[in-house]
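Since the structure comes first, as structure tokens, the remarks are kept for the end.
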Amino acid sequence: MITVHHLNHSRSQRVLWLLEELGLPYEIRHYKRDAQTMLAPPELKAVHPLGKSPVISDGDVVVAESGAIVEYLVDTYGNGRLKPDAGDAAARRRYTYWLHYAEGSAMPLLVMALVFGRLTKPPMPALLRPLALLIADGVQKAYLDPQLRLHLDYLEGELTTGGWFAGDAFSAADIQMSFPLEAALSRGALGERHTHLKAFLARIHDRPAYRRALDKGGPYELLR
């Protein structure tokens with residue numbers, strides 16, 4: 001039995017969705033963020049030394065990191081589903097690229113934006129908040145906003161020739177890409193010009209497996 005060590009409001013929601021798409025049996029072990037720090041609870045360190053989510057256990061096998069989990073599940077149990085055919089080299093390259101791009105390029109920017117956006121809030125001392133605001137505002141305007149625009153416009157362009165990231169068919173790469181795009185939407189980063197990205201999100205939200213995963217995973221509201 002596959003066990004998903006599921007942290008509320010986190011990337012592990014994608015793992016539940018993937019398992020639903022594959023039709024695999026699994027169980028969920030729920031963990032809750034600390035209400036003040038929003039960090040994962042220490043109990044997760046009993047599963048993996050870093051104490052992070054997502055992480056799955058499959059018998060004696062423990063797999064952490066979103067991309068590694070996606071590859072493990074698709075390669076082990078997919079029977080050719082949710083990834084391009086081996087004979088389509090171009091689609092396979094795109095598939096691999098987007099699996100890694102989601103966490104390697106897109107999410108670091110969104111996490112930085114979240115961190116700098118919280119600099120002016122408690123537990124930052126009130127006397128230091130004006131300085132923190134100047135620093136956060138400067139980083140946001142000089143670096144984060146331009147980079148987010150660059151990446152989101154790039155992603156918008158990539159979807160103009162088809163509805164999915166790795167080719168004409170829905171794949172696990174789209175599941176992997178869902179989290180940064182949902183984060184960008186929740187933080188107001190998607191503009192009127194990002195019509196293809198918004199359409200992509202609407203399509204995945206309509207998938208029955210996505211909705212089943214939400215029902216089983218519980219509250220899913222991205223941090224801002």
Side-chain angles (χ1 to χ4, degrees), residues 2 4 10-24 26 54 56 58 63-111 147-187 189-214 217 220 222:
I2 297 167
V4 181
S10 79
R11 293 164 167 86
S12 59
Q13 184 64 41
R14 283 182 300 194
V15 179
L16 303 182
W17 176 21
L18 173 60
L19 288 164
E20 289 293 333
E21 291 283 358
L22 291 172
L24 296 176
Y26 63 94
I56 66 168
D58 184 13
V63 187
E65 292 292 340
S66 298
I69 292 170
V70 169
E71 288 194 90
Y72 172 80
L73 291 174
V74 171
D75 292 345
T76 305
Y77 298 108
N79 295 318
R81 294 172 294 165
L82 296 184
K83 67 179 180 180
D85 292 335
D88 191 341
R92 275 293 182 97
R93 283 194 298 271
R94 287 179 61 83
Y95 171 80
T96 301
Y97 174 77
W98 294 116
L99 279 183
H100 293 278
Y101 171 91
E103 293 294 331
S105 293
M107 279 310 300
L109 289 171
L110 290 160
V111 171
Q147 283 295 310
L148 282 171
R149 282 195 298 271
L150 174 67
H151 280 262
L152 291 173
D153 288 350
Y154 164 58
L155 296 174
E156 175 71 16
E158 288 295 306
L159 288 183
T160 57
T161 57
W164 306 111
F165 278 99
D168 295 331
F170 173 80
S171 75
D174 299 298
I175 295 176
Q176 183 74 339
M177 284 297 298
S178 67
F179 192 84
L181 291 177
E182 287 180 323
L185 180 66
S186 72
R187 296 169 196 172
L190 294 185
E192 292 183 2
R193 65 188 182 280
H194 299 126
T195 56
H196 291 88
L197 295 181
K198 291 177 180 178
F200 167 84
L201 289 172
R203 283 195 301 278
I204 65 172
H205 293 164
D206 281 341
R207 294 183 71 86
Y210 181 96
R211 297 198 296 271
R212 289 197 302 271
L214 282 182
Y220 179 51
L222 299 184

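The model shown is predicted, which means the values in this text are computed figures rather than measured ones.
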Heavy-atom donor-acceptor pair, [X] side chain to [Y] backbone, under 3.5 Å:
| X | Y | answer |
| --- | --- | --- |
| Arg187 | Leu110 | yes |
| Arg203 | Gly163 | yes |
| Ser186 | Ala183 | yes |

### Query
Which residue pairs satisfy the side-chain hydrogen bond (donor to acceptor under 3.5 Å, both in side chains) criterion with at least one member in residues 80-91, sequence neighbours excluded?
Asp75-Lys83

### Task
Using side chain to side chain donor-acceptor pair (under 3.5 Å) as the criterion, list what pairs up with Ser10, not counting sequence neighbours.
Ser12

## Note on the structure
The side chain to side chain donor-acceptor pair (under 3.5 Å) partners of Ser171 (sequence neighbours excluded) come to none

Least distance between heavy atoms, [X] atom then [Y] atom:
| X | Y | value |
| --- | --- | --- |
| Gly191 | Lys198 | O-NZ, 3.2 Å |
| Trp98 | Gln176 | O-CG, 4.1 Å |
| Ile204 | Ser178 | CD1-CB, 3.6 Å |
| Ala106 | Pro180 | CB-CB, 3.8 Å |
| Arg11 | Pro54 | CB-CD, 3.9 Å |
| Tyr26 | Leu24 | CD2-O, 3.2 Å |

Decide yes or no for [X] and [Y]: does some side-chain heavy atom of the first lie under 4.5 Å from some side-chain heavy atom of the second?
| X | Y | value |
| --- | --- | --- |
| Asp58 | Val63 | no |
| Ser105 | His151 | yes |
| Val74 | Tyr95 | yes |
| Leu73 | Ile56 | yes |

What's the spacing between [X] [atom1] and [Y] [atom2] if we round to 0.5 Å?
| X | Y | atom1 | atom2 | result |
| --- | --- | --- | --- | --- |
| Leu82 | Leu22 | CG | CG | 5.0 Å |
| His196 | Thr161 | NE2 | OG1 | 8.5 Å |
| Tyr101 | Met107 | OH | CE | 11.5 Å |
| Leu181 | Leu190 | CG | CG | 6.5 Å |
| Leu201 | Asp206 | CG | CG | 11.0 Å |
| Leu18 | Asp174 | CG | CG | 11.5 Å |

### His205 and Tyr210 aromatic ring geometry - parallel, tilted or perpendicular at 30°/60° bounds
tilted

### Message
Classify the ring geometry of Trp164 against Phe200: parallel below 30°, tilted from 30° to 60°, perpendicular beyond 60°.
### Response
perpendicular

### Message
Determine whether Phe170 and Glu21 satisfy the following criterion, side chain to side chain contact (heavy atoms under 4.5 Å, CB included), listing intermediate values before the conclusion.
### Response
CA-CA 11 Å; Phe170 173 80; Glu21 291 283 358; 3.8 Å; yes

### Message
By the salt bridge (Lys or Arg N to Asp or Glu O under 4.0 Å) test, which pairs, at least two apart or in different chains, include something from residues 147-159?
### Response
Arg94-Glu158, Asp153-Arg193

### Message
Suppose we screen for salt bridge (Lys or Arg N to Asp or Glu O under 4.0 Å). Which residues come up paired with Glu182, at least two apart in sequence or across chains?
### Response
none

### salt bridge (Lys or Arg N to Asp or Glu O under 4.0 Å) partners of Arg92, counting only residues at least two apart
none

### Task
May I ask you to check whether over 12 heavy atoms, not counting those of Gln147, lie within 6.0 Å of atom CD?
yes

### Query
Just by distance, with hydrogens left out, do Gln13 and Trp17 show a side-chain donor and acceptor under 3.5 Å apart?
no

